[in-house]
Each structure stands twice: as structure tokens, then as C-alpha cells.
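Worksheet: the structure to be examined is printed underneath.
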Amino acid sequence: MASTTAAASQHQASTTVAPASGRKVVDEVSGWLRVMDDGSIDRTWTGPPEALPLMQPVQPYAVPCDGHTLHDLPGEPNLRVYLPEVDAGSVGRLPVIVQLHGGGFCISHPSWALYHHFYARLACAVPAVVVTAELPLAPEQRLPAQIYTGVDVLRRLRSIAMSDKGSLDDPAAELLREAADISRVFLVGDSSGGNLVHLVAARVGEDGADAWAPLRVAGGVPIHPGFVRATRSKSELQVTPDSVFFTLDMLDKFMAMALPEGATKDHPYACPMGPNAPPLESVPLPPMLVAVGEKDLIHDTNLEYCDALRAAGKDVEVLINRGMTHSFYLNKFAVDMDPTTGERAQELIDAIKSFVARH
């Protein structure tokens with residue numbers, strides 16, 4: 001079967017259309033996405049060319065590199081697995097980090113280099129098995145499709161882990177079965193993936209522990225989650241330098257494309273702390289570590305979410321990424337070349353490592 005990187009190319013081909021005479025662009029999102037007048041979607045990158053290397057797919061490798069191996073597991077849904085090199089006899093099975101990627105629910109793929117450099121590093125630092133998943137994209141598939149897929153990732157992980165030894169056809173699945181401790185699963189999400197951490201954890205919590213045993217969601221780590229309101233927050237109104245990763249244009253248009261038809265940003269998928277959402281006291285959530293960028297456009301609503309969790313009696317820790325903008329840690333160029341950005345990325349990894357160790 002095709003790898004998930006091959007699937008990424010096939011997926012891109014199915015949603016990307018080459019410009020054609022007579023076809024017009026009716027909407028565009030900051031170089032990332034164009035909606036054509038025939039309803040088709042073009043995701044060809046048209047922004048700064050220097051950002052393009054971050055979007056290149058990384059091929060899997062079974063030979064260890066930088067302390068880990070990388071495997072693709074085609075299926076429903078497609079998974080990608082980072083396995084750190086550890087002495088199994090001394091550490092036993094490893095906790096599992098399930099990454100739910102960002103992109104405003106509308107763009108990106110887990111094989112992209114921008115995710116790879118961070119999550120490969122995180123897998124080795126914790127150490128943990130890191131499982132990433134290919135999520136459906138809006139506007140072709142609006143929410144709650146991404147939530148359902150997030151839950152399906154956990155179902156597939158549970159199925160693999162509970163399989164009998166030698167019963168799995170895929171050698172990578174057998175490696176995952178042997179390495180993973182599914183009683184300690186942590187959901188980690190970037191940007192809109194942070195929304196999914198909350199929404200998927202709540203969905204699993206509603207089912208009850210018995211329904212998912214032996215799998216247990218032990219914690220959630222929303223990183224710069226896309227929590228907003230229909231009205232602008234103070235941080236959204238502040239003048240900030242343009243960013244490839246995040247602009248108000250991206251925020252507004254991606255949310256409009258991803259939320260259910262007719263919904264505003266006050267919908268519970270975008271504003272779980274708002275009046276349209278279930279009271280947080282009633283939402284079954286695991287302990288949370290929320291990372292907030294000090295200079296993020298949505299800094300204020302991220303903190304509002306944290307305050308609402310505390311007020312609801314939830315177990316929540318907050319990490320402020322001092323001086324950092326949205327998804328700073330995914331920009332490998334900045335992480336490698338700017339000492340401050342590199343230091344903040346290491347702080348984020350250390351905080352996740354500590355959170356996992358304590359839960």
C-alpha cells in the first residue's frame with residue numbers, strides 16, 4: 001500500500017487544480033488556498049518561496065536517524081509513527097503522544113517538514129511514541145469531520161495495541177503494538193489541532209473510561225489553540241508583523257470555511273468557553289497543559305480558555321511562550337538560527353516532557 005507521504009501527494013492532487021482559462025478565483029487565503037468559481041480548491045503555495053521547504057513531505061525511514069525511526073501506517077485514518085530508540089528492557093512500554101495537526105482545519109499534512117522536525121525531537125526527548133494522523137480538510141469536509149477522525153485515530157491505536165502478537169500484517173504496526181503504553185495517551189495539537197485536543201478529549205470522556213479501556217487519555221496539550229470569539233479580542237487588534245503562519249485573514253476565512261454552514265466564531269468548536277458551548281463544569285476533560293504565545297494574535301482568547309478551565313475546576317497548567325508568535329516552534333529556520341526562538345522551543349519540549357512524566 002502507499003505510504004502516507006504518497007497519500008499526501010494523492011490527496012493534494014485531488015484537491016489542487018491547475019489554473020485554467022475561464023476559471024476564476026472567488027476567494028483566497030494568504031497564499032495558502034484559493035476557492036475557484038466552479039467550487040474546486042487550489043492549495044498550491046503562492047506565498048514567499050523561502051517558506052516552501054517547510055511544506056515538503058518527509059519520507060519514512062526504518063533505519064534509525066537522530067535516535068528514532070519513522071513509519072507510515074496506511075489505513076483509516078492514515079497514521080505516521082515516530083519510534084525513539086530506547087532500551088525496552090529498562091524503560092518498558094512508552095507513553096503515546098497523538099498529534100493533531102493545525103492548518104485552520106483547511107491546510108497542511110502531518111508529513112510536512114515543519115511538523116517533522118519538532119515531533120521527531122519530542123519523541124526522543126520524552127521519550128514517547130508519537131502518532132500523527134492525516135485529517136480531513138475543509139471546506140470539502142467541514143467540522144465535525146476532523147473531530148470524528150481524531151476519535152478514529154484513538155480507535156485504530158487501541159485496535160493495534162490490543163492485537164495478538166504476530167497477527168498484524170504491517171511490520172510497523174507490530175512495532176507500534178510492542179512499544180505503546182495506551183494507558184498513557186496524550187493528545188497534542190497545533191493551532192486548530194489544539195481545538196481538536198479539547199473536542200476529541202471531551203468526546204472520549206463522554207463515552208466513559210470503560211468504553212475505551214485499556215486506552216486512557218491521560219492528558220491534553222493544546223499549543224496555541226484556535227479558540228476565538230465572533231468579536232475581536234484586544235490581542236487580535238494589535239498591529240503585528242505579517243506572518244506566513246498566521247494572519248487575521250487566515251483566522252477569519254479558515255474558520256468560515258471550517259465551521260458548520262452559517263455558524264459564527266462563537267460556535268463551541270471555536271469558542272468552548274463561550275455561552276453557546278456546554279458548561280465546562282460538565283465537560284469530562286483530562287489534565288491540560290496549554291501553551292500560549294505571548295505575541296500570538298489569539299493570546300487573549302487562549303488565556304480566557306485557561307481561566308474558564310480553572311473556574312470550572314479543571315486541572316490546567318499554562319505555559320507562556322515569552323516573546324513568541326503563533327506556532328513559532330514549527331519554523332525550523334527560526335528555531336535553528338535564532339537563539340531566543342530555539343530556547344523557547346526547548347522550553348516547550350521540556351514542559352511537555354514534564355507534563356507527560358507527571359501523568
Test item: side-chain donor near acceptor, Gln99 and Asp190, under 3.5 Å:
yes
Taking the side chain from Glu236 and the backbone from Ser233, do they hold a donor-acceptor pair closer than 3.5 Å?
yes
Quick check for you: to the nearest 0.5 Å, what is the distance between Asp152 atom CG and Ser159 atom OG?
11.5 Å
Check Ala138 against Gln146 and note the closest heavy-atom contact, atom names and distance.
N-NE2, 3.8 Å
In terms of side-chain geometry, is the basic nitrogen of Asp249 or Lys253 positioned less than 4.0 Å from the acidic oxygen of its partner?
yes
Donor-acceptor pair, side chain of Ser327 and main chain of Leu330, under 3.5 angstrom
no
Of the non-hydrogen atoms in Thr325 and His224, which two are nearest, and what is the gap between them?
O-CE1, 3.6 Å
Ring centre gap for His117 and Tyr329 strictly below 6.0 Å
no
Side chains of Asp72 and Leu79: closer than 4.5 Å at any heavy-atom pair?
no
Just checking Lys314: does its NZ atom have more than 12 heavy atoms from other residues, nucleotides or ligands closer to it than 6.0 angstrom?
yes
Any donor-acceptor N or O pair under 3.5 Å, side chains Ser191, His326
yes
Closest non-hydrogen contact found for Gln59 with Arg80 is C-NH2, 4.1 Å
Pairwise distance CG(Leu196) to CG(Leu135) - rounded to 0.5 angstrom
6.5 Å
With under 30° as parallel and over 60° as perpendicular, where do the rings of Tyr305 and Phe227 fit, or are they tilted in between?
tilted
Carboxylate-amine/guanidinium proximity below 4.0 Å for Asp38 and Lys24:
no
Value rounded to 0.5 Å, distance of CG in Leu168 from OG in Ser163:
4.0 Å
Check: Ala230 main-chain N/O paired with Asp266 side-chain donor or acceptor under 3.5 Å
yes
Has Arg142 got a side-chain atom pairing as donor or acceptor with Ala256's backbone, closer than 3.5 angstrom?
yes
Which distance, rounded to the nearest 0.5 Å, do you find between the CE of Met288 and the CG of Leu187?
7.5 Å
Inspect the contact between Arg229 and Glu304 and indicate whether a charged nitrogen and a carboxylate oxygen are less than 4.0 angstrom apart.
yes
Asp315, CG atom: more than 12 neighbouring heavy atoms under 6.0 Å
yes
The residue among Asp300, Asp296, Leu297, Thr301 that forms side-chain contact (heavy atoms from CB on, under 4.5 Å) with Ser235 is Asp300
Relative to the ring of Trp112, is the ring of Tyr115 parallel (under 30°), tilted (30 to 60°) or perpendicular (over 60°)?
parallel
Keeping Glu294 on the side-chain end and Gly323 on the backbone end, is there a donor-acceptor pair under 3.5 Å?
yes
Taking atom CZ of Arg216 and atom CZ of Arg158, what is their separation to the nearest 0.5 Å?
14.5 Å
Where do Leu259 and Thr264 come nearest, in terms of heavy atoms and distance?
CD1-O, 3.3 Å
Give a yes or no on whether a salt bridge exists between Glu317 and Arg358, defined as a side-chain N under 4.0 angstrom from a carboxylate O.
yes
Just checking Tyr82 against His71, ring centres under 6.0 Å apart?
no
Minimum heavy-atom separation for Arg34 to Trp45, with atom names?
NH2-N, 4.4 Å
If you take all heavy atoms of Arg232 and Leu251, which pair is closest and at what distance?
NH1-CD2, 4.3 Å
Is any NZ, NE, NH1 or NH2 atom of the basic residue among Arg322 and Glu347 found under 4.0 Å from an Asp or Glu carboxylate oxygen of the other?
yes
dist Thr69:OG1 -> Leu175:CG (nearest 0.5 Å) comes out at 6.5 Å
Is the closest side-chain heavy-atom distance between Ile182 and Leu154 below 4.5 Å?
no
Can a salt bridge be assigned to the pair Asp350 and Lys353 using a cut-off of 4.0 Å between side-chain N and carboxylate O?
no
Measure from the side-chain N and O atoms of Arg156 to the backbone N and O of Pro77, and report whether any donor-acceptor pair falls under 3.5 Å.
yes
Could you tell me whether the side chain of Arg344 and the main chain of Phe328 form a donor-acceptor pair under 3.5 Å?
no
Lys/Arg-Asp/Glu bridge criterion (N-O < 4.0 Å) met for Arg43, Glu140
yes
Do you see a donor-acceptor pair shorter than 3.5 Å between the side chains of Asp164 and Ser167?
no
For atom CD of Glu76, decide whether the heavy atoms of other residues, nucleotides or ligands shown that lie under 6.0 angstrom number more than 12.
no
